[in-house]
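Down below is the structure, laid out as structure tokens.
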Amino acid sequence: MSQSPSSEAKRKLAQVRVAVLYERVTDGRLYGRKMEEVIRLLKETKAQFIFRGFWRWNPCPNRPEQLPGRLRWRCEISGYSYRHLEEAISRIKAEIPHIIFCGAVPAQVLQRSWVWNPMTGEVFRYPQTWEMALDPQKWGLPMSKEKFQCLFGKTHFWVPRKWGPEDYDPAKAAAYFPDLTNPQFHKLLLSWAQRQVDCGADAIWIDMFFTQAGILTRLAKNPNHPAVRETWKAINSIIEGIRRHGRRKGKYILVGSWGVGPVRLPLPPPPLDFVTFSPSSREVYNLRLDEARWRERFEMVRKRMGDTPIFAFIDWAGTTRTPLGVFSQRLSPEKQRQFLRLADEFFSRLGAVFIYPLHGGFMGMDAKILSFGKFKFYDALAPEFRTYETIRELAQRRASSGAEPGR
């Protein structure tokens, strides 16, 4: 008797021993890596799971031809279109049929000037985009929309650091933190995930998916406030919308996000298929992971979410004051290799899978040590880092161990 698509997809994910971060599999023209080489690296590392294989941050066209002039050229050279993604997944799956390809979308950004729904072709511009931005006062909470957007925008460099809430002008901000409960943004976020599914993605990871619920909980000082409950309902609806789109194609789409939100918020955890965590910048720098803290986290996940697979990766953001920023800029290549060995053994022992940083991840606007002397994304093969041999060694050993994570 054959398994259902959901059972088969979950079984494959539960059996993953080797996961690699490769963001994005389509950007090889930037630094001279052909798709054949990408596939070779995936084969050499025995990769079973490609995490963040495509990351949609800025508006992404279906085809480069949709863009004018220099924008079209930049799209082609960086491989940033859904046509590029579809071609890449097709070639990877032809060589490695059983690999799980995980795309990624952000729940924390909506560009001001223009954004589009790749499923319908709808285009949104200011002030429509501002209408989709989160407003705590929508639920009577004690912070204005402008103040919240100003404070959050500073953390992502969307507004000048010198701006105070009284200076905030939504017509000049580069982007906003959107509202998951806004019907139009709800459809937009779904469309970004659905389009990657159409291109062949097997899984979708949603960044900062629980941030809105956490912010509203702190403002309301009550996790049962209507603002939080409505946000939680929207989260569950988005997960189901992604899965429903997959069912139309006869496949079950795995959905994952950060594990902190479902653990901290005392609401029924959403039906995620996997969760992720990251070591802290301090842990990376000190080459020391706090075992008591990690055991407590993972025990809470298992208590609240059962046997949901847990993955750990070295996270990043806008500056070098992040785990990946510290890893790439403050650790020597020798210490980077040391941390990879440490993290691989540590997370496996605790029943999680450490995702090897093969390619991608923004090292920070202020990064000085650049991949191939040019790029602010990490690459394990770059001469500045030289961690690929260690990743390959660890991955091949993990693949041949025959044991599931934590065994």
Salt-bridge present (Arg72, Glu76; N to O < 4.0 Å)
no
Are Phe313 and Phe51, when compared by the centres of their aromatic rings, separated by less than 6.0 Å?
yes
With the side chain counted from C-beta on, respond yes when Met208 and Pro106 share a heavy-atom pair under 4.5 Å apart, and no when they do not.
no
Under a 3.5 Å cutoff, is there a donor and acceptor pairing between the side chains of Ser7 and Ser4?
yes
Describe, in one word, how the ring planes of Phe354 and Tyr356 are oriented to each other, choosing from parallel (under 30°), tilted (30 to 60°) and perpendicular (over 60°).
perpendicular
Does the plane of the ring in Phe372 sit parallel, tilted or perpendicular to the ring in Phe375? Use 30° and 60° as the thresholds.
perpendicular
Under 3.5 Å, is there a donor-acceptor pair linking the side chains of His225 and Thr217?
no
Minimum heavy-atom separation for Ile239 to Pro270, with atom names?
CD1-CB, 3.7 Å
Between the CZ atom in Arg24 and the CG atom in Asp27, the distance rounded to the nearest 0.5 Å is 5.0 Å
Between Lys138 and Asp179, is the closest basic N to carboxylate O distance under 4.0 Å?
yes
Any side-chain donor-acceptor pair under 3.5 Å between Trp205 and Ser257?
no
Electrostatic pair Lys93:Asp202 at N-O distance under 4.0 angstrom:
yes
Can you tell me if Thr319 and Asp366 form a side-chain donor-acceptor pair at under 3.5 Å?
no
Please report the C-alpha distance between Arg125 and Ser113 in whole Å, then the side-chain angles of each, then the deciding distance to 0.1 Å, and finally whether the side chain to side chain donor-acceptor pair (under 3.5 Å) criterion is met.
CA-CA 5 Å; Arg125 301 181 185 278; Ser113 56; over 6 Å; no
Residues Ser281 and Arg321: side-chain donor-acceptor under 3.5 angstrom:
no
To check you understand the geometry: which heavy-atom pair defines the closest contact between Pro279 and Leu289, and what is its length?
CB-CD2, 3.8 Å
Approximate separation, where rounding is to 0.5 Å, of Gln111 CD and Trp116 CH2:
10.5 Å
Nearest atoms (heavy-atom pairs only) where Ile96 meets Ile39
CD1-O, 4.3 Å
Stepwise salt bridge (Lys or Arg N to Asp or Glu O under 4.0 Å) test for Glu299 and Arg304:
CA-CA 9 Å; Glu299 285 171 9; Arg304 303 207 69 215; over 6 Å; no
Heavy-atom side-chain contact between Ile204 and Cys102 under 4.5 Å:
no
Testing the 3.5 Å rule here: is there a donor-acceptor pair between the side chains of Gln212 and Thr231?
yes
More than 12 heavy atoms from other groups under 6.0 Å of CZ on Arg282
no
Cation over ring, Lys376 on Trp316, under 6.0 Å and within 45°?
no
Contact check, side chains of Ser78 and Arg29, non-hydrogen atoms, under 4.5 Å
no
When you measure from the side chain of Ser400 to the backbone N and O of Gln396, does any donor-acceptor pair fall under 3.5 Å?
yes
Arg349 bridged to Glu345 by N-O distance under 4.0 Å:
yes
Ion pair check, Glu86 and Arg83, cut-off under 4.0 Å:
no
Can you tell me which residue pairs pass the salt bridge (charged side-chain N to carboxylate O under 4.0 Å, His left out) test with a partner in residues 203-232, sequence neighbours excluded?
none
So Ile89 and Leu85, do their side chains get closer than 4.5 Å, heavy atoms only?
yes
Check this for me, if you would: do Lys43 and Glu95 make a salt bridge, where the nitrogen-to-carboxylate-oxygen distance has to be below 4.0 angstrom?
yes
Does Gln194 use its side chain to pair, donor to acceptor, with the backbone of Ile242 at less than 3.5 Å?
no
Could you tell me whether the side chain of Val326 reaches within less than 4.5 Å of the side chain of Thr320, counting heavy atoms only?
no
Name the one of Tyr80, Trp192, Tyr22, Phe101 that satisfies ring-ring contact (aromatic ring centres under 6.0 Å, His included) with Phe54?
Tyr80
Just by distance, no angles: are the side chains of Asp273 and Tyr252 close enough, under 3.5 Å, to form a donor-acceptor pair?
yes
For the atom pair CZ (Arg392) and CD (Glu389), what is the distance rounded to the nearest 0.5 Å?
4.0 Å
Does the ring-ring contact (aromatic ring centres under 6.0 Å, His included) test come out yes or no for Trp232 and Phe210, once each step is laid out?
CA-CA 8 Å; Trp232 216 247; Phe210 303 102; 5.5 Å; yes
One thing to verify: whether Arg247 and Glu240 come together as a salt bridge, which I'm taking to mean a side-chain N less than 4.0 angstrom from a carboxylate O.
yes
Can you tell me if Thr181 and Lys233 form a side-chain donor-acceptor pair at under 3.5 Å?
no
How long is the span from the CD1 atom in Ile391 to the CG atom in Leu21, to the nearest 0.5 Å?
9.5 Å
Run the salt-bridge test on Asp198 and Lys249 with the 4.0 Å N-O cut-off and return the result as yes or no.
yes
After noting the C-alpha distance and the side-chain angles of Asn62 and Arg195, does the key distance pass the side chain to side chain donor-acceptor pair (under 3.5 Å) rule?
CA-CA 9 Å; Asn62 285 315; Arg195 191 66 185 89; 2.6 Å; yes
Could you check Phe385, Tyr378, Phe377 and say which one makes a ring-ring contact (aromatic ring centres under 6.0 Å, His included) with His359?
Phe377
Could you check whether the rings of Trp294 and Phe347 sit parallel, tilted or perpendicular, using 30° and 60° as the cut-offs?
perpendicular
Drop me the distance from Met35's CE to His84's NE2, to the nearest 0.5 angstrom.
9.5 Å
Begin with the C-alpha distance, continue with both residues' side-chain angles, and end with the deciding distance and a verdict on salt bridge (Lys or Arg N to Asp or Glu O under 4.0 Å) for Arg397 and Glu393.
CA-CA 6 Å; Arg397 184 187 306 159; Glu393 171 198 334; 2.6 Å; yes
With Ile50, the side-chain contact (heavy atoms from CB on, under 4.5 Å) member among Leu42, Leu358, Val38, Ile100
Leu42
Are the side chains of Val115 and Leu188 in contact, using a 4.5 Å heavy-atom criterion?
yes
Any donor and acceptor pair, going by atom type alone, linking the side chain of Thr129 with main-chain N or O of Arg112 inside 3.5 Å?
yes
Separation between CE of Met305 and CD1 of Ile310, rounded to the nearest 0.5 Å:
9.0 Å
Working for ring-ring contact (aromatic ring centres under 6.0 Å, His included), residues Phe152 and Tyr176
CA-CA 8 Å; Phe152 189 88; Tyr176 314 122; over 10 Å; no
State whether Arg91 and Glu87 are salt-bridged, where the test is any N-O pair (Lys NZ or Arg NE/NH1/NH2 against Asp/Glu carboxylate O) under 4.0 Å.
no
Aromatic contact between Phe185 and Phe124, with the criterion being ring centroids under 6.0 Å apart: yes or no?
no
Which heavy-atom pair separates Arg337 from Thr390 by the least distance, and what is that distance?
CD-OG1, 3.0 Å
Using side-chain heavy atoms (C-beta onward) and a distance below 4.5 Å, is Thr45 in contact with Tyr388?
yes
Just wondering, do Pro262 and Leu272 contact through their side chains at under 4.5 Å, heavy atoms?
yes
